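Remarks on the structure that follows.
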Amino acid sequence: MNQNKRISRFSFAICVVGTVIFGPMTVYADAPLLEEVFVTAQRRVQSVNDVPVAITALSGNVLRDSGVSDIDELTYVFPNAGFASFFPSRPEISIRGLGTSESFLSTDQQPVGVYHDEVFEGSRSVHMAQIFDLERVEIARGPQGILFGRNTTGGAISFYSKRPEDTLGGYVRASYGNFNAKEFEGALNVPLTDKLAARVSGIYKEDDGWAENVNLDNDIMDSESYAARALLEYTGDDSTWVLNLHGSDYEGDVNYYFSEDIQGLDWDEVSQRLDEAPENIEAFGAILTGNITMGKVDITTITAYEESETSSIEDYGHGPTDLNNAGGFAQFNPWVGGYSDDYEQYSQEIRIAGGTNKFIWVAGVFGYYEDVRSTFSDGGGVGTIGLDFNGNGVIDEPNEGFFLEDDARIWRQRTREGAVFAHANYEISEQLSVLGGVRFSITDKELEWQYTDLFSGFDYVPKAYRDTNNDVVTWRAGVEYRPNFDSFDTMLYFRYDRGFKGSGFNVGGSDIGVLLVVDPEKVDSFEIGGKFTLLDQRLQINAAAFYTIVKDYQANLQISTPSGGLAFARTNAAELETKGGEVELNFRPDDQWLISGAVGYTDATYSEYFNSITLEDFTGNKASNTPEVTAGFSIEYFHTFSGGATLVPRIGYSYKDEQEGRAFNFPEERTASRQVVNAQIKYSPASEQFYVSLWSKNLFDEKYYDKKLDEPFAGAPMQKRGMPRSFGVAIGSEW
């Protein structure tokens, strides 16, 4: 799409939003107020309008009604977000230009932290496994390295499970759609005693896939998954304890690669050699959270254990090849890849909070241990693949008999981290407050790496060891100002954050010369914003502008190897600057309409980026996975019939600008802008305990790309295409 057309379509969308929101309408004096949303972004309960952070907070019901069921769909509901991934287990999220590209490996560190019930999830494969029966999700943009830590230089996405209650209740929901998509979700809340309550919930999803492999004449992109969670909550006189046990399982096709270079194929067709390219993810975790009141001090302790196993296989050669000798090993052309990860993490956090009306503080300690065992093979010659007796490619742990490609990189990375932190707000006057925080972190990482033949045990490269240590201080300083306006409430703020993303290792190469230690990134971020409540709490507008500079940016570069070749490696090679802003609003003009909207702008540019090997200067190039403009809005209309039944149609629109695939800014890897519309109409009888809804995602069947990669070894550009239009019906009951 050319630039003028892109601007025209976006301008039209903004005009529609403005007409709907600011066009002629009557604001009734007895109209219901906007629901006040409470968050814990500063580790204490506050209204989202009182937090000096650009933050989007959504309830679990809003997520469900918005159709959010995956990490890429989540990035449509808040501004200045980008997403790209070929694998469900390896999402690449960016916020305000800070993200990663070509991030296939389990040890790649993400600048956007994902948290479940205040526990950092180090494994990207389980980021969306527990997205059901939620109380809310909070998306805080910008560095959050004081109270969150763990490399959250881009932002923090925090999911909060719905807690047990003291009344019997629950819900069930079933949905069926095209592509034979089935989904079942439910929860049951049971009070056991006057101090003990339990909540059990789960979700199951299955579909037949939306694309076809014309080479083997079968459907692909299918998936099946389930997840469950059990919460047990004890409420004493001075303490509350919650035990959270959760697990999940996912089986589905790795996102097949599509190519425009293969002529004669439709949008939803590929020509691949494998009947299936499966990805399997199994996960389990346990969290024990305690909140204890001792006089005027509140103590929070969070103990957590998480584990996951992931295995996947991919075929990015595009060409059909006969697979014979089912049940044994078959030889075929190169460029089939496989991954296997075994992940464990332990964490402990203890916080103490207290203060007065004018001075509020929180301090704590944090400990973290992570153990990742990985095997990675990405082709490079005639390969060997294990086949089942139906001739399907399969992958499993290496010690169980077969793994894709006999030559592979195997590594184990262990991370130990300890931190102490403190954060405080002090009210100088009724209008003026200051805030500040500091965190001291010590991180130690050890790597054991080898390039070997999995079947013969022959090491192509002797086993190697690397280690790195970081002692880092991060901090925050800011000011809040609340002017006295008669007609509306206002909170203005300014904030400075120093953040960091820890050092790591470049483990994906087959030459020991590429086994580099990558130094930490240093992030300085400035944000100014305001939160405005108008029209007697019926209109909320939040706005922020930001400027961020990242030094020693961990970028993908080409480097020379000792064997005389070139290889891609993650090194400290660049300086990145991002600047922009966002505006969010919620408007309830009367008891029938609810309107929400957001617009974001990000200019993320490399201020210094020179490849000394290829002598290419990428200074001035755009950061990857970063749309310059994002926008979205949703409109809900609540109609009540005379008998008490309700009908609620809802439409949601989102726009994402074009984005670069990698920092090289290759035109072949650039994804075009997209406009996606979701819709739903929901009917409830007078009892309000039952409902039925018709829904559609990507209503107008927009054809778009999530990711492109142009590598000569693949024979053709590799593409992940967005899901086409889906639609269906859902029924549910709540009690």
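For the single chain, residues carry numbers from 1 onward in sequence order. What's counted below: heavy atoms across the whole structure, side chains too, no hydrogens, waters or symmetry copies. Please read all numbers here as calculations on a predicted model, not as lab measurements.
- Cation-pi geometry between Arg588 and Phe638 is met: under 6.0 angstrom from the ring centre, within 45 degrees of the axis.
- The pair Arg495-Asp497 counts as a salt bridge, with a side-chain nitrogen and a carboxylate oxygen less than 4.0 angstrom apart.
- With hydrogens and angles left out, the side-chain atoms of Asp133 and Ser201 include a donor and acceptor closer than 3.5 Å.
- Checked for salt-bridge contact, Arg141 and Glu582 meet the test: a charged N lies under 4.0 Å from a carboxylate O.
- Atom CD1 in Ile549 sits 4.5 Å away from atom CD in Glu577 (nearest 0.5 Å).
- A donor and an acceptor atom, one from each side chain of Ser158 and Glu138, are nowhere located under 3.5 Å apart.
- Phe494 pairs by the ring-ring contact (aromatic ring centres under 6.0 Å, His included) definition with nothing, not counting sequence neighbours.
- Between the side chains of Tyr553 and Glu575, no donor-acceptor pair of N or O atoms lies under 3.5 Å.
- With salt bridges taken as basic N to acidic carboxylate O contacts below 4.0 Å, one links Glu135 and Lys162.
- Between Trp695 atom CH2 and Arg650 atom CZ the span is 14.5 Å, to the nearest 0.5 Å.
- When side chains are defined from C-beta on, Arg476 counts as touching Leu435, because their heavy atoms get closer than 4.5 Å.
- In this structure, Lys622 is not positioned above the aromatic face of Tyr606 in the sense of NZ or CZ being under 6.0 Å from the six-membered ring centre and within 45° of the axis.
- Asn291 and Thr289 form no side-chain donor-acceptor contact under 3.5 Å, judged by distance and modelled atom types alone.
- Shown here are the side-chain contact (heavy atoms from CB on, under 4.5 Å) partners of Thr167, two or more places apart in sequence or in another chain: Glu165.
- We find that Lys697 and Glu73 are joined by a salt bridge, their nearest charged nitrogen and carboxylate oxygen being less than 4.0 Å apart.
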Practice item. List the steps, then state whether ring-ring contact (aromatic ring centres under 6.0 Å, His included) holds for Trp735 with Tyr171. Key: CA-CA 6 Å; Trp735 66 93; Tyr171 72 91; 7.9 Å; no
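- For Thr293 and Asp298, the side-chain atoms include at least one donor-acceptor pair closer than 3.5 Å.
- A donor-acceptor contact closer than 3.5 angstrom links the side chains of Tyr653 and Gln675.
- The side chain to side chain donor-acceptor pair (under 3.5 Å) test applied to Ser161 returns Asp117, Arg229, not counting sequence neighbours.
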Exercise for review: Go through the steps for Glu527 and Arg96 under the test salt bridge (Lys or Arg N to Asp or Glu O under 4.0 Å), then give the verdict.
Suggested key: CA-CA 12 Å; Glu527 180 177 316; Arg96 292 178 170 179; 2.9 Å; yes
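- A cation-pi contact links Arg439 to Phe366, judged by a cut-off of 6.0 Å to the six-membered ring centre and 45° from its axis.
- In this structure, a donor-acceptor pair under 3.5 Å is present between the side chains of Tyr496 and Asp524.
- The cationic group of Lys579 does not satisfy the cation-pi geometry with Tyr547, failing either the under 6.0 Å distance to the six-membered ring centre or the 45° limit from the ring axis.
- Here the CZ atom belonging to Phe421 is positioned 10.0 Å from the CD1 atom belonging to Ile146, to the nearest 0.5 angstrom.
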